[in-house]
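Before any comments, here is the structure.
No hydrogens, no waters, no symmetry mates; every other heavy atom, side chains included, goes into these values. Below, chains carry the letters A, B, ... as their sequence lines are ordered, and counting in each starts from 1.
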Amino acid sequence: MPFRGSLTSRDQVAVYEFSWPAVIFIPLVAVLVQIFIPVRVRFLPIIDLPLMVTIFFAVARRNPVSGCLTGCAIGLLQDLFAGPSHPLGMYGIALTIIGYMASSLGLKIDVENPGSRFIITYVFFVAHQGIYYGVAHGLLRQVQQWSWSHVAISALANAVIGLFVFKFLDRFKER
Amino acid sequence: MDTFLGRYKNLIVLAAILFAQIIALAVQVRRPTQGGDTRLLRLWAISAVTPIEKAVVHSQKWVYDTWNTYAYLRGVRRENRQLRAEIERMRVEDARFAEDARMARRIQALLAFKEQYVDTTVAAQVIGTSGSEQSRILYLDKGSRDGIKPDMAVITPTGIVGKVVQVFPDSSQVLPINDQFSGVGAALKSSRLQGILKGAPNGATTLQYVMSDEKVEPGEEVITSGGDRIFPKGLPVGKVVSVEPGKDLFLNIRVVPAARLDQVEEVLVVTKILEREPDTKDLGPLRASDILAERLPTVPAKPEVDAAGNAKPGAGNATTAGAVPATGAAASAAHPGAAGTPAANKPATGSSTAGAPKPNGAATAVHGAPSGTTATSPGVSKSPKPATASGTPPAKVAKPLNGAGTATAPNTNRTAPAATPSPANGPTNREETTPAPKQAKPAPQQTPSANPQQPSTTPAGEPPPQ
């Protein structure tokens with residue numbers, strides 16, 4: 001029998017839903033934590049909670065359209081707090097694409113497995129940084145520095161933290 | 001058609017969302033006004049979030065303070081002993097610094113330097129950040145209701161933090177000095193070389209536009225230059241950690257900020273800067289050592305020579321202001337109406353010092369043209385008085401060093417004859433400046449044959465400078 005492009009069983013491609021409060025408040029809390037925890041915790045800017053939430057919702061819902069919209073909303077929310085020198089849309093574009101890609105990938109592979117979650121988070125973090133760099137440098141001509149080592153270490157940290165974040169967010173899933 | 005839309009629905013939605021955001025980006029970039037068109041959106045978002053942040057941060061601070069104040073007292077006795085010892089040591093230092101400060105203020109008063117003083121500050125708490133590595137914006141819990149305005153300086157006791165970029169009713173945004181869009185007028189403390197401190201995307205700060213032929217050592221302190229009109233001059237910025245040849249003709253000077261920008265919690269927003277001359281009322285009388293210090297000889301300039309080959313007497317007088325500190329005195333003394341003012345009492349302008357030192361001295365003498373005597377009579381130097389003895393504010397008599405030195409230097413010839421003592425103009429200032437004829441002596445000695453490199457710095461009838 002020919003392979004039809006899915007690496008998951010029928011049970012694993014189950015689409016999850018979320019309650020409206022969870023849909024609204026989880027991204028909001030993620031952005032809030034992201035903007036005021038670094039005051040106390042030095043390394044937190046490396047950790048990208050909005051990105052993790054975007055990936056989580058996208059792979060859980062497995063719907064590219066909702067993945068796009070969720071990523072767009074979270075990205076724009078993040079843009080709002082990034083200061084006047086940071087035009088609205090930079091994170092919006094990056095997270096829109098990440099949301100689309102994650103939800104498309106969620107249709108293909110098992111995203112419940114910690115190993116696949118680790119890899120997904122790692123890869124999408126690097127992709128997110130690359131898209132942001134492309135938007136900032138290519139569209140806005142902003143001076144950006146790209147450091148592979150920094151991106152790799154940050155992606156690793158995000159992948160590890162992401163395991164715990166995804167485990168926590170699993171509680172909000174509804175079939 | 002339906003099939004096409006159904007098949008590529010996801011991609012079409014993605015493209016539409018991306019297209020809309022790219023258009024929005026283009027609009028914002030095309031019209032980069034203060035805050036842009038997105039200000040209202042940002043205002044709503046930040047206004048919604050600020051109360052939550054304030055509540056969390058303040059309750060966290062309350063718990064932290066309560067714990068530190070009442071519960072966690074381990075090591076307090078030892079710390080107390082250390083602090084007492086530190087206070088004793090600082091008292092000794094303070095006495096020395098106070099003396100240095102008095103001297104500096106006196107000289108500043110003579111030169112009419114206007115200092116910028118931090119007059120009013122508002123203490124604020126950092127309640128948030130941008131939350132990303134790409135932007136290093138900080139959020140403060142004080143806004144326009146507390147008197148915060150854009151472009152105000154934000155500092156800590158250890159060093160500067162940044163400037164206010166956007167103000168909301170109850171909060172404000174600060175652009176730290178390590179943000180890539182930040183720029184601060186800065187100078188090296190010891191060498192006084194000036195540059196612009198800029199941030200980088202990775203959070204590093206570099207001092208730019210210092211020429212590569214300048215000598216800059218790691219460890220040198222960097223302070224604000226005041227050139228950006230935001231930060232008062234002289235505030236600590238950081239320390240040089242590395243110096244490398246950069247692009248073009250400039251050095252790449254890496255600076256580590258004095259304030260811990262990644263851990264800053266409480267800051268001061270400078271809401272008012274006073275620009276005034278230093279107060280010299282409490283400085284007391286001038287000491288002999290001060291007077292002598294201002295007379296230290298410097299490298300002389302060539303005397304002015306007229307067409308006949310004779311040295312111009314006025315030029316000789318004009319160049320009598322010897323050492324750098326004396327320049328201001330010369331300027332002030334020679335300024336019209338300056339006679340009898342505190343600055344004019346500075347003996348460093350003694351006309352009998354026939355040396356021709358710095359161009360500054362020559363330049364400043366042009367202001368004395370109307371009075372003729374240039375107020376450099378030795379008689380003044382006989383009776384040094386307190387700087388404020390006459391009650392005339394130094395501001396009216398002295399000129400800034402740079403301005404006098406650069407702008408008026410070429411006019412020395414024009415005013416030189418007037419500076420020559422003559423019976424006609426002698427009485428004008430006789431009350432204050434006394435024996436004008438005495439100063440006539442050294443000036444004619446300035447002949448072209450005289451060696452300009454070794455001028456007679458010994459004034460007639462006065463002891464040689466130490």
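- Summarising the local packing, NZ of B:Lys54 is surrounded by more than 12 heavy atoms from other residues, nucleotides or ligands at distances under 6.0 Å.
- In this structure, OG1 in A:Thr96 is found 4.0 Å from CD in B:Gln21, a value given to the nearest 0.5 Å.
- Taking CD1 of B:Ile17 as the reference point, atom SG of A:Cys72 lies at 5.5 Å (rounded to 0.5 Å).
- Contact count against chain B (heavy-atom pairs under 4.5 Å) is highest for A:Ile93 among A:Ile93, A:Val65, A:Leu140, A:Ile97.
- No part of A:Leu49 comes within reach of chain B, as not one of its non-hydrogen atoms sits under 4.5 angstrom from that chain.
- Along residues 146-159 of chain A, the residues that come nearer than 4.5 angstrom to chain B, judged on non-hydrogen atoms, are A:His150, A:Ser154 in order of number.
- Note that the CG atom of A:Asp79 and the OG atom of B:Ser135 stand 10.0 Å from one another [nearest 0.5 Å].
- Evaluation of the side-chain hydrogen bond (donor to acceptor under 3.5 Å, both in side chains) rule for B:Asp141 yields B:His58 as partners, not counting sequence neighbours.
- Looking at A:Tyr100, the atoms closer than 4.5 Å to chain B (heavy atoms on both sides) all sit in the side chain, from C-beta outward.
- Between the CD1 atom of B:Ile137 and the CD1 atom of A:Ile35 there is a distance of 12.0 Å, given to the nearest 0.5 Å.
- Close approach to chain B, defined as a heavy atom under 4.5 Å from one of its heavy atoms, is seen in A:Gln129, A:Tyr132, A:Val135 of residues 120-138 of chain A, taken by number.
- Contacts from residues 176-185 of chain B to chain A, taken as heavy-atom pairs separated by less than 4.5 Å, involve B:Gln180, B:Phe181 in sequence order.
- The number of heavy atoms from other shown groups lying within 6.0 Å of OH (B:Tyr209) does not exceed 12.
- For chain B, the option among A:Gly89, A:Gly67, A:Pro87, A:Ser104 with the highest count of heavy-atom pairs below 4.5 Å is A:Pro87.
- By number of non-hydrogen pairs under 4.5 angstrom with chain A, the leading residue of B:Gln173, B:Lys9, B:Arg136 is B:Gln173.
- At least one donor-acceptor pair closer than 3.5 Å links the side chain of B:Gln28 to the backbone N or O of A:Leu88.
- With a 4.5 Å cut-off on non-hydrogen atoms, B:Ile22 touches chain A through its backbone and its side chain both.
- Across all their heavy atoms, A:Leu80 and B:Arg42 have their closest contact at O-NH1, 3.2 Å.
- Nearest approach of B:Tyr139 to A:Phe81, heavy atoms of both residues: OH-O, 2.8 Å.
- Taking chain A as the reference chain and counting heavy-atom pairs below 4.5 Å, the highest number among B:Val13, B:Leu18, B:Val56, B:Ile12 is found for B:Leu18.
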